[in-house]
Amino acid sequence: MTIRVLIADDQAMVRGGLRLILEDQPDISVIAEAADGVEAVGLARRLRPDVCLVDIRMPRLDGIEVTRALAGPGVADPLRVVVVTTFDLDEYVHGALRGGAVGFVLKDAGPVLLVEAVRAASVGDALVSPSLTLRLLRHLTAAGAPAAREPARPLSDRETEVVRAIARGRTNQEIAAELFISLSTVKSHISGIQAKLGVRNRVEIAAWAWESRLAGTV
């Protein structure tokens, strides 16, 4: 099945480069491009792409606002948004994650990571790259991120192990192998964790782990 992607970036050369990378893959098709945030929201709502690849800085609406409009807590049928950014904009990435983004990649991360992020988002998963996530979330923690809210119900020991693994950037398959449990069990734990924390994806779980200092205990 082909993954339908919307690219939103105010630079035509960047959009063109992203399109070339993605359409070089047999299972990915770029169905639309947007040059600013307002256009991105309009096209995304009309075309309902499988994945929206959104730049963090755009005219009229920035990437955070676009993410909230397409995937925020109040959106009844949220789209899957992957934010593209640079490391020095980590505070914006945090806002995008809280706004509902399911992943983020650096513009200079290379084509492999970009494609992986799109594929992960398309199946409802999220790419949490250790090389990026750990640096971003450690920086946010050191910079004084707001205290994490307490879970609605305490996490079990196994759920805590899963949260720590997610915060380290492990995939579901890697978590299953590390903890000697099945993939379906990992997914079940993640669903329970999301319900207890009041979050909607594994990226938000990772952010919660770092804000609560739980990730720092590994």
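For reference, positions follow the sequence shown, starting with 1.
- For the atom pair Thr67 OG1 and Leu79 CG, the distance stands at 10.5 Å (nearest 0.5 Å).
- For Gln25, the side chain to side chain donor-acceptor pair (under 3.5 Å) partners two or more places apart in sequence, or in a different chain, are Arg119.
- Looking only at side-chain heavy atoms (C-beta outward), His189 and Ile181 come within less than 4.5 Å of each other.
- For the side chain to side chain contact (heavy atoms under 4.5 Å, CB included) with Leu18, the lone residue among Ile7, Val118, Val5 that qualifies is Ile7.
- Heavy-atom minimum distance, Asp10 versus Arg57: OD1-O, 3.6 Å.
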Taking it one step at a time, do Val82 and Val102 satisfy side chain to side chain contact (heavy atoms under 4.5 Å, CB included)? CA-CA 6 Å; Val82 174; Val102 297; 4.3 Å; yes

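- Scanning both residues, Glu178 and Ala165, for their nearest heavy atoms gives OE1-CB, 4.3 Å.
- The backbone N or O of Ser191 lies less than 3.5 Å from no partner atom in the side chain of Gln194, so there is not a single donor-acceptor pair.
- Counting only distance, with no hydrogens or angles, the side chain of Arg15 and the backbone of Asp9 share a donor-acceptor pair below 3.5 Å.
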Could you check Asp27 against Met1 for side chain to side chain contact (heavy atoms under 4.5 Å, CB included), going step by step and ending with a plain yes or no? CA-CA 7 Å; Asp27 58 336; Met1 184 173 64; over 6 Å; no

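- Under the 3.5 Å distance criterion, the side-chain polar atoms of Arg4 are matched with a main-chain donor or acceptor of Leu47.
- The CG atom of Leu43 sits 9.5 Å away from the SG atom of Cys52 when rounded to the nearest 0.5 Å.
- Both Leu113 and Leu53 are members of a single hydrophobic cluster when ILVMFWY side chains are connected at heavy-atom separations under 4.5 Å.
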Determine, step by step, whether Asn172 and Ile190 satisfy the side chain to side chain contact (heavy atoms under 4.5 Å, CB included) criterion, reporting the C-alpha distance in whole Å, the side-chain angles of both residues, the deciding distance to 0.1 Å, and the verdict. CA-CA 9 Å; Asn172 286 355; Ile190 291 175; 3.2 Å; yes

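- Judged by distance alone, the side chain of Arg68 and the main-chain N or O of Gly99 form no donor-acceptor pair under 3.5 Å.
- For Glu33 against Arg19, the heavy-atom pair with the smallest separation is OE2-NE, 2.6 Å.
- Look at Arg164 and Glu161 and you find no salt bridge, because none of the NZ, NE, NH1 or NH2 atoms lies under 4.0 Å from a carboxylate O.
- Residues Val115 and Val84 are members of one and the same hydrophobic cluster, defined by side-chain heavy-atom contacts under 4.5 angstrom among Ile, Leu, Val, Met, Phe, Trp and Tyr.
- Residue Val54 comes nearest to Gly63 through the heavy atom pair CG1-CA, 3.8 Å, listed as atom of the first residue, atom of the second, then distance.
- The distance from the CD atom of Gln11 to the CG atom of Asp55 is 7.5 Å, given to the nearest 0.5 Å.
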From CA spacing to verdict: side chain to side chain contact (heavy atoms under 4.5 Å, CB included), Glu23, Ser29: CA-CA 6 Å; Glu23 293 204 325; Ser29 175; 4.2 Å; yes

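- In the hydrophobic cluster analysis, where Ile, Leu, Val, Met, Phe, Trp and Tyr join through side-chain heavy atoms closer than 4.5 angstrom, Val51 is grouped together with Val105.
- In this structure, the side chain of Ser188 does not engage the main chain of Ser184 through any donor-acceptor pair within 3.5 Å.
- Under the 4.5 Å side-chain heavy-atom criterion for grouping Ile, Leu, Val, Met, Phe, Trp and Tyr, Met58 is connected to Val83 within one hydrophobic cluster.
- Annotation: the span from Lys187 atom NZ to Ile175 atom CD1 amounts to 11.5 Å, rounded to 0.5 Å.
- Although no hydrogens or angles enter the test, the distance criterion places no donor-acceptor pair under 3.5 Å between the side chain of Glu159 and the main chain of Leu155.
- Heavy atoms only, all atoms of each residue included: Ala40 and Leu6 are closest at O-CD2, 3.7 Å.
- Linking ILVMFWY residues whenever their side-chain heavy atoms come closer than 4.5 Å, directly or via other members, places Val38 and Ile56 in the same cluster.
- Closest heavy-atom contact between Val75 and Leu70: CG1-O, 3.6 Å.
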